[in-house]
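The block underneath contains the structure these notes are about, expressed in structure tokens.
Residue numbering restarts at 1 for every chain, and letters A, B, ... go by the order of the sequence lines.
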Amino acid sequence: MAIKLYNTLTRKKEEFKPITPGEVKMYVCGPTVYNFFHIGNARTFLVFDTIRRYFEYRGYKVQFIQNFTDIDDKLIKKANEEGITVPEVAERYIKEYYTDADALNLKRATVNPRATEYVEKIIDFIKDLEDKGYAYAVNGDVYYRTKKFTEYGKLSKQSLDDLEAGARIDVDERKEDPMDFVLWKAQKPGEPGWESPWGVGRPGWHIECSVMACSLLGETIDIHGGGADLVFPHHENEIAQSEARNGKPFAHYWMHSAYLNVNNQKMSKSLNNFFTAREILEKYDAEVVRMFMLSGHYRNPINFSLDLLDQASSALERLYNAMSNLEHIIESGNERELNTEEIEMSNKLDSYKAKYIEVMDDDFNTADAISVIFDLVRDINTNIKEGSPKTLAVKALALIKELGAPLGILQKESRGALEEEIEKLIEERQQARKNKNFALADKIRDDLKERGIVLEDTPQGVRWKRV
RNA sequence: GGCGGCAUAGCCAAGCGGUAAGGCAGAGGUCUGCAAAACCUUUAUUCACCAGUUCAAAUCUGGUUGCCGCCUCCA
């Protein structure tokens with residue numbers, strides 16, 4: 001069975017057919033590095049990280065490119081405010097990006113290209129557009145001639161005429177058409193600039209993605225992704241630039257993640273209603289954040305709140321409890337052969353994996369995938385208990401981890417070994433219980449709890465976990 | 001004005017033509033020295049509303065209401 005995904009370009013779910021068999025070339029628009037990223041940005045990063053991991057899980061080799069926009073008005077503004085240079089601002093927030101992205105357990109991209117590393121190529125690209133009549137220069141600025149690209153609007157399903165009707169008033173009069181957008185900006189006093197055929201200046205925003213995607217992945221790529229707010233104009237413009245220059249489709253599939261809202265309103269830096277990923281990660285484990293984000297479908301908006309994070313945390317805990325229980329079964333090590341029922345259970349485990357793949361193949365339905373894991377866990381909790389054969393428990397535990405991996409959850413290391421001193425205390429408590437000295441037993445249990453070790457008594461002996 | 005999305009239990013959320021997944025929270029029970037964990041039972045005759053199509057609709061069509069987004073930098 002093949003993976004199906006929703007293509008914004010066709011507004012339909014389509015079967016994924018790679019350009020090169022077994023490979024996925026994907027480009028995802030990354031952050032403008034002038035600030036910490038917020039939890040809404042994190043959603044997009046997380047969604048595409050999961051999609052990438054899932055492709056890998058299904059055996060694809062994925063080339064995952066995510067750019068850093070390191071030259072733009074906001075960086076310049078920030079640099080001026082802080083009295084430092086634009087490259088210093090970029091350097092700082094790229095570093096901060098990695099800090100937070102790593103904390104969120106986002107897999108590192110194959111390449112994180114930066115716009116400023118591609119200025120030469122950007123200039124060449126714009127020159128090509130100019131040669132083909134798709135670009136024109138005015139006093140050091142260069143604009144894209146949207147009217148000439150007849151398919152303009154095909155991604156956002158907007159027609160140029162309607163767009164013009166709704167355009168705001170502050171139209172630059174040097175443009176031939178209000179919808180033309182800037183490819184190259186002439187340098188203003190105090191701004192960084194690069195030499196170009198049109199004078200000193202810097203790239204416009206949209207051009208960098210066209211150029212970097214093309215340079216690193218080729219003229220046609222498999223998947224281009226980003227947040228829903230990039231559909232228009234950013235991705236529309238990328239298509240116009242790339243297809244005008246290369247004369248072939250830019251990306252086969254366009255994928256967009258829905259917003260993360262606060263009180264049902266888009267979280268954004270301009271609305272100033274955001275939480276940074278960092279401040280959330282101070283209070284919540286990255287896995288909890290992932291659990292929360294992936295509990296809804298990536299194309300549906302989700303509302304953000306601390307209460308929902310708490311719910312996700314409780315849900316995750318249920319999963320980890322099951323894993324912890326399996327570890328205990330494995331440690332107590334019942335080596336016997338599987339009986340008929342257990343063989344049946346072992347085979348049944350495989351059916352959960354099949355179901356998981358089925359729902360994930362269908363446009364990355366992580367919500368369903370998580371529910372499959374919960375169904376699996378309920379079955380395991382019911383049918384694999386103290387006294388079950390070790391091999392069965394090993395298989396069950398491995399499966400939970402396997403299914404959690406593409407989602408970036410349930411990968412925490414096992415509990416590890418206990419310190420000798422604590423083992424002694426547990427032993428002491430067992431003695432106390434045997435002697436019905438429950439006061440002492442409970443005191444030891446409470447003390448250990450203070451130290452982060454929770455004890456649970458089972459018929460097969462005491463079970464412990466770290467909290 | 002143009003384009004688009006959403007409305008499912010107390011909360012979150014999947015399902016998108018075959019008779020309401022899953023999680024959180026709550027209630028009762030089993031187990032336990034007490035706990036914890038786990039399990040069992042329970043919580044939507046019903047999917048914003050009104051028509052229609054169909055043997056069959058939360059799912060399709062038309063309309064109504066409400067909310068949100070893009071068209072301007074934004075993930």
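Taking atom P in both B/C12 and B/U65, the straight-line distance is 25 Å, to the nearest Å. Only the P atoms considered, B/A20 is 23 Å distant from B/G52, to the nearest whole Å. Only the P atoms considered, B/C11 is 15 Å distant from B/G26, to the nearest whole Å. The gap from the C1' atom of B/A56 to that of B/G1 amounts to 41 Å, rounded to the nearest Å. Taking atom P on both B/C49 and B/U59, the two are 10 Å apart, rounded to the nearest angstrom. As rounded to the nearest Å, B/A58 and B/C50 have P atoms that lie 13 Å from one another. A distance of about 44 Å separates the C1' atoms of B/A35 and B/U19, rounded to the whole Å. Between B/U42 and B/G4, the distance separating the two C1' atoms is 41 Å to the nearest Å.
A distance-only check finds a donor-acceptor pair linking the side chain of A/N339 to the backbone of A/E341 [under 3.5 Å].
With a cut-off of 3.5 Å on both pairing distances, the Watson-Crick or G-U wobble partner of B/A27 is B/U41. B/C60 and B/G52 make up a base pair, with Watson-Crick or G-U wobble contacts both under 3.5 Å. Nucleotide B/C73 forms no Watson-Crick or G-U wobble pair with any nucleotide shown, as no partner meets the under 3.5 Å limit on both distances. Nucleotide B/U32 has no partner under the Watson-Crick or G-U criteria, as no pair reaches both atom distances under 3.5 Å.
Distance CG (A/N41) to C1' (B/C73): 13 Å, rounded to an integer number of Å. One can place OH of A/Y152 at 11 Å from P of B/C71, the figure rounded to the nearest angstrom. The distance between atom CD1 of A/I384 and atom P of B/A38, rounded to the nearest whole Å, is 15 Å. As a whole-Å value, the separation of A/H328 NE2 from B/A38 P is 15 Å. As rounded to whole Å, 12 Å separates atom C1' of B/C71 from atom CG of A/N237. Note: NZ (A/K157) to C1' (B/G4) measures 11 Å, nearest angstrom. Atom NE2 of A/H235 is separated from atom P of B/C74 by 10 Å (rounded to the nearest Å). Atom-to-atom, CZ of A/R299 to C1' of B/C16 comes out at 11 Å; the value is rounded to the nearest Å.
Here the nucleotide nearest the side chain of A/K74, chosen from B/G33, B/C70, B/C73, is B/C73. Side chain of A/P233, nearest nucleotide from B/C73, B/A37, B/C3: B/C73. The side chain of A/D442 sits closest to B/C34 out of B/C68, B/C34, B/A75.
A cation-pi arrangement is present between A/K412 and A/Y320 under the rule of less than 6.0 angstrom and at most 45 degrees off the ring axis. Geometric assessment of A/R278 against the ring of A/F36 yields a negative cation-pi assignment under the 6.0 Å and 45° thresholds.
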Nucleotides 9-14 of chain B: which of its N/O atoms have a protein N/O under 3.5 Å away?
{"unit_1": "B/C11", "atom_1": "O2'", "unit_2": "A/Q311", "atom_2": "OE1", "d": "3.4"}
{"unit_1": "B/C11", "atom_1": "O2", "unit_2": "A/Q311", "atom_2": "OE1", "d": "3.2"}
{"unit_1": "B/C11", "atom_1": "O2", "unit_2": "A/Q311", "atom_2": "NE2", "d": "3.4"}
{"unit_1": "B/A14", "atom_1": "OP1", "unit_2": "A/H297", "atom_2": "N", "d": "2.7"}
{"unit_1": "B/A14", "atom_1": "OP1", "unit_2": "A/N300", "atom_2": "OD1", "d": "3.2"}
{"unit_1": "B/A14", "atom_1": "O3'", "unit_2": "A/N365", "atom_2": "ND2", "d": "3.0"}
{"unit_1": "B/A14", "atom_1": "O2'", "unit_2": "A/D368", "atom_2": "OD1", "d": "2.3"}
{"unit_1": "B/A14", "atom_1": "O2'", "unit_2": "A/D368", "atom_2": "OD2", "d": "2.8"}

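Looking at which nucleotide of RNA chain B each of A/L260 and A/V454 is closest to, the 5′-most match is held by A/V454. When each of A/I39 and A/N263 is assigned the nucleotide of RNA chain B bearing its nearest heavy atom, the one mapping closer to the 5' terminus is A/N263.
Every side chain to side chain donor-acceptor pair (under 3.5 Å) that A/N321 has, sequence neighbours left out, goes to A/K465. Shown here are the side-chain contact (heavy atoms from CB on, under 4.5 Å) partners of A/D310, two or more places apart in sequence or in another chain: A/Y284. A/A186 is linked by a side-chain contact (heavy atoms from CB on, under 4.5 Å) to A/D141, counting only residues two or more places apart in sequence or in another chain. Taking the side-chain contact (heavy atoms from CB on, under 4.5 Å) definition, one finds that A/K348 meets it with A/S351, A/Y352, A/D379, sequence neighbours left out.
Contacts with RNA chain B (heavy atom under 4.0 Å) in residues 370-381 of chain A: A/S371, A/F374, A/D375, A/R378, A/N381, listed by number.
The residue A/S257 sits apart from the nucleic acid: no heavy atom pair falls under 4.0 Å. Nucleic acid contact for A/S156: sugar-phosphate only, since backbone atoms but no base atoms lie under 4.0 Å from a heavy atom of the residue. Contact annotation for A/L455: base contact, defined as any heavy-atom pair under 4.0 Å involving a base atom.
Looking at A/D350 and A/K395, their side chains come closer than 4.5 Å, going by heavy atoms from C-beta outward.
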Open item on the list: As a quick check of understanding, evaluate ring-ring contact (aromatic ring centres under 6.0 Å, His included) for A/Y6 and A/F364, giving each step before the final call.
Closed with: CA-CA 9 Å; A/Y6 182 85; A/F364 312 97; over 10 Å; no
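Ring centroids of A/F48 and A/Y54 are separated by 6.0 Å or more, keeping the two rings apart. Between A/F68 and A/Y98, the ring center distance clears the sub-6.0 Å criterion. Aromatic pair A/F181/A/Y143: ring centres not closer than 6.0 Å.
Within 3.5 Å, a donor on the side chain of A/R445 pairs with an acceptor on the base of B/C34, or the reverse. A donor-acceptor contact under 3.5 Å links the side chain of A/D457 to the base of B/C34. Remark: the A/R433 side chain and the B/G33 base include a donor-acceptor N/O pair separated by less than 3.5 Å.
For A/K266, a side-chain nitrogen or oxygen approaches OP1 or OP2 of B/C70 to under 4.0 Å. Taking side-chain N and O atoms only, A/W205 has a distance below 4.0 Å to OP1 or OP2 of B/C74.
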